[in-house]
Amino acid sequence: AARSMAAGGSPYAHFNPSTVVMSGLIYPPFAALLFRPLALLGDRPAMLIWLWLDLASAVAGAIVVARTALPRSWPTIELGILAALAFGPVTYNYWHGQINPLLFLVLAGAYWAYVRERQVTAGVLLGLVAGIKIAPVVFLILLVRRRMWRATAAMVATGAASVVLGAIALGIRVNLTFFTQ
């Protein structure tokens with residue numbers, strides 16, 4: 001996707017809807033913008049940077065969640081590091097170079113903000129994650145149910161801004177490709 005965009009093409013140029021595995025870029029155009037800088041690097045440096053980003057994000061996210069959810073007397077940093085390095089589903093993401101650890105870090109920040117009732121911060125972070133991978137849009141239900149109207153508005157506004165930014169940066173045709181194919 002990054003190389004295609006670097007050459008002036010669509011991030012979905014190599015998408016193949018007939019296969020689920022290795023079908024090409026399956027994220028919204030806003031996410032494609034985040035991958036774009038990797039095209040400036042060769043394959044090996046890009047993969048190494050991505051792996052280190054994944055690892056650092058998973059460790060940081062696990063520490064944020066542990067420090068937010070667990071009692072202060074617990075070894076939260078150590079437990080976060082252990083979870084990020086030893087939990088099978090997390091390490092699977094490193095193997096495949098998934099974006100999930102980066103999204104987990106942002107979701108951990110949203111959780112931290114949610115627990116502290118920092119509505120706008122939680123909403124912006126949730127909207128950012130939903131702009132990269134659509135599934136977190138379900139958190140709107142939680143925000144509405146808790147009557148967190150500022151968080152809801154911030155999430156919707158951030159999500160909408162990600163769609164607009166993707167359309168401005170990559171063109172409406174790329175957005176139509178994502179939403180229709």
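At a threshold of 4.5 Å between non-hydrogen side-chain atoms, the residues Arg36 and Leu40 count as touching. The side-chain heavy atoms of Thr68 and Arg116, taken from C-beta on, include a pair separated by under 4.5 Å. Taking 4.5 Å as the limit, every side-chain heavy atom of Trp149 sits out of range of all side-chain heavy atoms of Leu143. At a threshold of 4.5 Å between non-hydrogen side-chain atoms, the residues Val65 and Leu70 do not count as touching. At a threshold of 4.5 Å between non-hydrogen side-chain atoms, the residues Leu125 and Leu107 do not count as touching.
Shortest non-hydrogen contact noted between Ala62 and Gly80 is CB-O, 3.2 Å. Scanning both residues, Ala113 and Ala122, for their nearest heavy atoms gives CB-N, 3.6 Å. Residues Ala154 and Val124 share a closest heavy-atom pair of CB-N, 3.8 Å. Pro29 and Gly166 make their closest contact through CB-CA, 4.3 Å (heavy atoms, listed as atom of the first residue, atom of the second, distance). Scanning all heavy atoms of the two residues, the minimum distance from Phe30 to Leu165 falls at CE1-CD2, 3.5 Å.
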Next item on the list: Please test Phe178 against Leu170 for side chain to side chain contact (heavy atoms under 4.5 Å, CB included), starting from the C-alpha separation and ending with a verdict.
Entry: CA-CA 11 Å; Phe178 173 76; Leu170 299 174; over 6 Å; no
Note to self: Apply side chain to side chain contact (heavy atoms under 4.5 Å, CB included) to residues Val59 and Leu105 and explain how you reach the verdict.
What the structure shows: CA-CA 8 Å; Val59 169; Leu105 175 58; over 6 Å; no
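Ser57 contributes no side-chain N or O that, together with a main-chain N or O of Asp54, makes up a donor-acceptor pair within less than 3.5 Å.
Note on Leu34 and Leu41: same hydrophobic cluster, where clusters join Ile, Leu, Val, Met, Phe, Trp and Tyr whose side-chain heavy atoms are under 4.5 Å apart, directly or indirectly. A single hydrophobic cluster is not seen to contain both Leu176 and Ile134; linkage of ILVMFWY side chains at heavy-atom distances under 4.5 Å, directly or through other members, places them apart. Transitive grouping of hydrophobic side chains (ILVMFWY, heavy atoms separated by less than 4.5 Å) keeps Val129 and Val120 in distinct clusters. Val106 and Trp112 fall into different hydrophobic clusters, where Ile, Leu, Val, Met, Phe, Trp and Tyr residues are linked whenever their side-chain heavy atoms come under 4.5 Å apart, directly or through other members. Criterion: ILVMFWY side-chain heavy atoms under 4.5 Å apart, direct or through other members. Under it, Ile172 and Ile168 are not part of a common hydrophobic cluster.
The side-chain contact (heavy atoms from CB on, under 4.5 Å) test with Ile63 singles out one residue from Ile81, Thr76, Leu79, and that residue is Ile81.
By the 6.0 Å contact criterion, CZ on Arg67 is open, its count of non-hydrogen atoms from other residues, nucleotides or ligands being 12 or less. Atom CZ of Arg173 is surrounded by 12 or fewer heavy atoms from other residues, nucleotides or ligands within 6.0 Å. For Ile141, the CD1 atom is loosely surrounded, since the number of other residues' heavy atoms within 6.0 Å does not exceed 12.
We find the CG-CD1 distance between Asn100 and Ile132 to be 11.0 Å, quoted to the nearest 0.5 Å. Put simply, CD1 on Ile99 and NZ on Lys133 are 8.0 Å apart, with the number rounded to the nearest 0.5 Å. Taking OG1 of Thr121 as the start and CG of Leu126 as the end, the distance is 10.5 Å to the nearest 0.5 Å. To the nearest 0.5 Å, the span separating CZ on Arg146 from OH on Tyr114 amounts to 3.5 Å. Between atom CD of residue Gln119 and atom CZ of residue Arg147 there is a gap of 12.5 Å, rounded to the nearest 0.5 Å.
Screening residues 44-90 for ring-ring contact (aromatic ring centres under 6.0 Å, His included) gives Phe35-Trp50 as the qualifying pairs, with residues at least two apart or on separate chains.
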